[in-house]
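We count ligands from 1, going down the list as the structure has it; atoms in each ligand are counted the same way. The model shown is predicted, which means the values in this text are computed figures rather than measured ones.
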Amino acid sequence: MLSPLRPKIEAIVNSEDVEIKIRLQQICDLLRENISYYDWVGFYFKNGTKEELKLGPYSGEPTDHTIIPFGKGICGQVALSNENFVVPDVKAQDNYIACSINVKAEIVVPLFVNGENIGQIDIDSNTADPFSKDDEEFLEFVNKEVAKIL
Ligand code: SME
């Protein structure tokens, strides 16, 4: 279900006539519309020289959490750990920032440019424990593609 989306991601990334922000938006929309258990899909990026993340393009309900300090929530922890964070049950997490009461699970995968963690892709799911190794590999692929145009 995930692999047929890879060429579509590549096509979006390679559409050089489209503004980068729009291409990132198209990727968020593609993932949310085609993967049943992806209910919110967004990119966060390091906010200049500040130790915080700023929300970039996203698809899904608007969130209040447009700025997240490093270390806070799942996203803020990934900004420091440089590692994927898969949360099968958000209720079991102490350091978690709730965006919607409907969210049951979350996955955050860091995005590296020239080896530097410059942001991340964040997926919220309203389904319990939906993410597997396939999602991690797929989102790593998405981020590697996106890194080419940042
Ligand atoms: N739940 C995230 C905050 C971002 S929202 O999911 C869009 C976290 O704990 O970092």
Legend entry - Numbered atoms of ligand 1 (with element) below 4.0 Å of Tyr44, judged on heavy atoms: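 Numbered from 1, ligand 1 contributes 4 (C), 7 (C).
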
Inset, instruction - Give the numbers and elements of all ligand 1 atoms closer than 4.0 Å to a heavy atom of Asp122. - result: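 With Asp122 as reference, the close atoms of ligand 1 come out as 4 (C), 5 (S), 6 (O), 7 (C).
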
Legend entry - Axial cation check for Phe141 ring with Arg6, 6.0 Å and 45° limits: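 Yes, Arg6 lies over the aromatic ring of Phe141.
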
Pairs of nitrogen or oxygen atoms closer than 3.5 Å, one from [X] and one from ligand 1: do any exist?
{"X": "Cys99", "result": "no"}
{"X": "Asn95", "result": "no"}
{"X": "Cys75", "result": "yes"}
{"X": "Ile97", "result": "yes"}

Legend entry - Modelled atom types, side-chain donor and acceptor of Asp124 and Tyr38, under 3.5 Å: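 Side chains of Asp124 and Tyr38: no pair found under 3.5 Å.
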
Inset, instruction - Tell me, please: is Tyr58 in heavy-atom contact with ligand 1, that is, under 4.0 Å? - result: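 No, that is not the case, since the closest heavy atom of the residue is not under 4.0 Å from the ligand.
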
Inset, instruction - May I ask whether Glu106 has any heavy atom positioned less than 4.0 angstrom from an atom of ligand 1? - result: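 Heavy atoms of Glu106 do come under 4.0 Å of ligand 1.
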
Inset, instruction - For the residue pair Phe43 and Phe45, categorise the inter-ring angle as parallel (less than 30°), tilted (30 to 60°) or perpendicular (more than 60°). - result: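 Taking Phe45 first and then Phe43, their aromatic rings lie parallel (interplane angle under 30°).
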
Legend entry - Proximal candidate to atom 6 (O) of ligand 1 [heavy atom criterion; set Asp124, Val87, Ile123]: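 Considering heavy atoms of Asp124, Val87, Ile123, the nearest to atom 6 (O) of ligand 1 sits in Asp124.
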
Inset, instruction - Record the part of Gln77 in heavy-atom contact with ligand 1 below 4.0 Å; permitted values are side chain, backbone, both and neither. - result: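 For Gln77, no heavy atom sits under 4.0 Å from ligand 1.
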
